[in-house]
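The first residue of the sequence shown is numbered 1, and numbering continues consecutively from there. Remember, it's 1-based here, ligands and their atoms both numbered in the order they're listed. What's counted below: heavy atoms across the whole structure, side chains too, no hydrogens, waters or symmetry copies.
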Amino acid sequence: MQVEFYRHSLDDKDVDNVLSVLRSVFLTSGPVGAKFEAKFAAYTGLPHVVALSSCSGAMHLALLALGLRPGDEVITTPMTFIATSTVIMHCGAKPVYVDVEPDTGLLDAAKVAAAVTPRTRGILPVHLYGAMCDMRALAAVAEEHGLFIVEDCAHAIECSRDGVRPGELSAAACYSFYATKNLTCGEGGAIAWHDADKAALSRQLANHGMSKNASGRYHGKYEHWDMVAEGWKYNLDDIRAALLVDQLDRLDGLHARRQEIVARYDAGFAGAPGIVRPRAPGVSAHHLYTLWVDPERRDAILHELKGRGVAVAVNYRAIHTLSFLRDALGHAPGDFPEADRIGRSTITLPLYPKLTDEQIDYVVETVRDVAK
Ligand SMILES: *Cc1c(COP(=O)(O)O)cnc(C)c1O
């Protein structure tokens, strides 16, 4: 049996929506993106959504709109994808790592206050694998020290913890619609803001700092546009937004299937020697299903699984150990021992709504056999 690592859940309706855009006059950011923004705002409960070309762009713009400047520091996690840190560096600021909780892999809120310095401006937590960080605890630290919070919600649309949803207790939540994410258009992202002015600023910075975007220039009478700030090019075109508008209506149904798959995996791995499951507090979005195995055997297990038809990945090796960030920030692996250990133990298994029960059982049987 072959089990692919990921298959999307796009359907004929989504494809038809793309064709409609292609047959219309307007291909870039326009009415379809605006419709998605309104629907996504309703879904997340966050009032001002700006659709963008990636979560990386979303986080970069969120930090800029919040005034992050060269020399500033942002507290974040080493157990994540590199974008969580590089967007801080794009602003000329420095990512300051705090180690993760040993049983969840999430930023350890209890250690954040000790990392605050006079240069600290904000906290950038990641809801790893779809399980939320302790946002109440992080919000309390942020409040006490006058810091902003921007959430990396690339794994985290459908989740909650202690009655808190992504973006509820922060300035901005940044989402990814990359090819393998729970909601996808190949490449895409969004920022959800509480503040209308910050949303407007990030929208302008996503379009070269121009006072009018293409849709604004196309509709109505001709007016000159101005350049009012140094901006970037991070807008989402309507071709890709067309894949999101109706897919969003199916997200909760797809999430229910993810929940079933995780329950079947969990039952299959219960009591298996050599396999540890990270604890997932609250209601997880179940973006990734990861196992922690003996670091000494992790790579051999990965290769063996691949050989037996089970596609696997690693999310993630601790990013402070990757050459560039290690050298740029002057870190050694042992600086954040929990993240380093998790990064050397992790295996990600296939998790997507189209997995069949037969495939899940094959993955369980194969992993149990290889890891024992
Ligand atoms: C995918 C991902 C990103 C980057 O998202 P893009 O849309 O590809 O820019 C950022 N953070 C995490 C945790 C991710 O998994």
Side-chain angles (χ1 to χ4, degrees), residues 5-6 8 33 36 40 49-64 74-91 95 97-98 100 104-107 122-133 135 149-159 166-167 170 172-192 202 205-206 232-237 240-241 243-244 247 258 278 280 284-290 312-320 322 325 339 342-343 346 348-352:
F5 186 70
Y6 192 73
H8 65 68
F36 170 69
F40 199 63
V49 171
V50 183
L52 297 164
S53 54
S54 70
C55 179
S56 306
M59 293 190 290
H60 183 197
L61 292 184
L63 295 173
L64 289 171
V74 177
I75 293 172
T76 187
T77 170
M79 179 40 59
T80 180
F81 182 59
I82 49 178
T84 318
S85 276
T86 55
V87 295
I88 297 168
M89 298 167 92
H90 292 341
C91 300
Y97 299 125
V98 162
V100 296
T104 64
L106 297 167
L107 180 66
I123 309 173
L124 181 30
V126 177
H127 305 309
L128 189 70
Y129 314 143
M132 281 182 72
C133 298
M135 286 304 299
I149 302 180
V150 170
E151 294 171 63
D152 180 338
C153 296
H155 299 183
I157 306 177
E158 314 96 313
C159 46
S170 64
C174 298
Y175 298 88
S176 176
F177 311 128
Y178 173 70
T180 58
K181 300 284 156 71
N182 288 19
L183 182 69
T184 183
C185 63
E187 300 282 356
I191 317 181
S202 57
L205 294 177
W232 281 260
K233 192 73 191 341
Y234 285 146
N235 58 307
L236 183 71
D237 57 85
R240 285 176 295 166
L243 292 171
L244 300 171
Q247 192 187 160
R258 285 179 181 272
S284 175
H286 296 306
H287 173 53
L288 295 172
Y289 192 92
T290 56
V312 285
V314 173
N315 304 88
Y316 298 90
R317 291 189 296 150
I319 62 174
H320 73 282
L322 304 179
L325 291 174
I342 292 169
T346 296
T348 311
L349 301 181
L351 173 57
Y352 45 92

Next on the checklist: For a 4.5 angstrom cut-off between non-hydrogen side-chain atoms, does P278 reach L128?
Outcome noted: no

From the list H286, Q247, H287, side chain to side chain donor-acceptor pair (under 3.5 Å) partner of N182 resolves to H287

Neighbour count >12 (heavy atoms, 6.0 Å) for atom OH, Y352:
yes

Exercise for review: Dump the intermediate steps for side-chain contact (heavy atoms from CB on, under 4.5 Å) on I319 and T80, then the final yes or no.
Suggested key: CA-CA 7 Å; I319 62 174; T80 180; 3.8 Å; yes

Between ligand 1 and the protein, which N/O pairs are shorter than 3.5 Å?
residue: ligand 1; atom: 5 (O); partner: S176; partner atom: OG; Å: 3.3
residue: ligand 1; atom: 7 (O); partner: C55; partner atom: N; Å: 2.8
residue: ligand 1; atom: 7 (O); partner: S176; partner atom: OG; Å: 2.7
residue: ligand 1; atom: 9 (O); partner: C55; partner atom: N; Å: 3.3
residue: ligand 1; atom: 9 (O); partner: S56; partner atom: N; Å: 2.8
residue: ligand 1; atom: 9 (O); partner: S56; partner atom: OG; Å: 2.5
residue: ligand 1; atom: 11 (N); partner: D152; partner atom: OD1; Å: 3.4
residue: ligand 1; atom: 11 (N); partner: D152; partner atom: OD2; Å: 2.8
residue: ligand 1; atom: 15 (O); partner: H155; partner atom: NE2; Å: 2.7
residue: ligand 1; atom: 15 (O); partner: K181; partner atom: NZ; Å: 3.2
residue: ligand 1; atom: 15 (O); partner: Y316; partner atom: OH; Å: 2.9

Here the side-chain hydrogen bond (donor to acceptor under 3.5 Å, both in side chains) pairs for residues 51-62, sequence neighbours left out, are H60-Y234

Look at the rings of H155 and Y129 and say which category their plane angle falls in: under 30° parallel, 30 to 60° tilted, over 60° perpendicular.
parallel

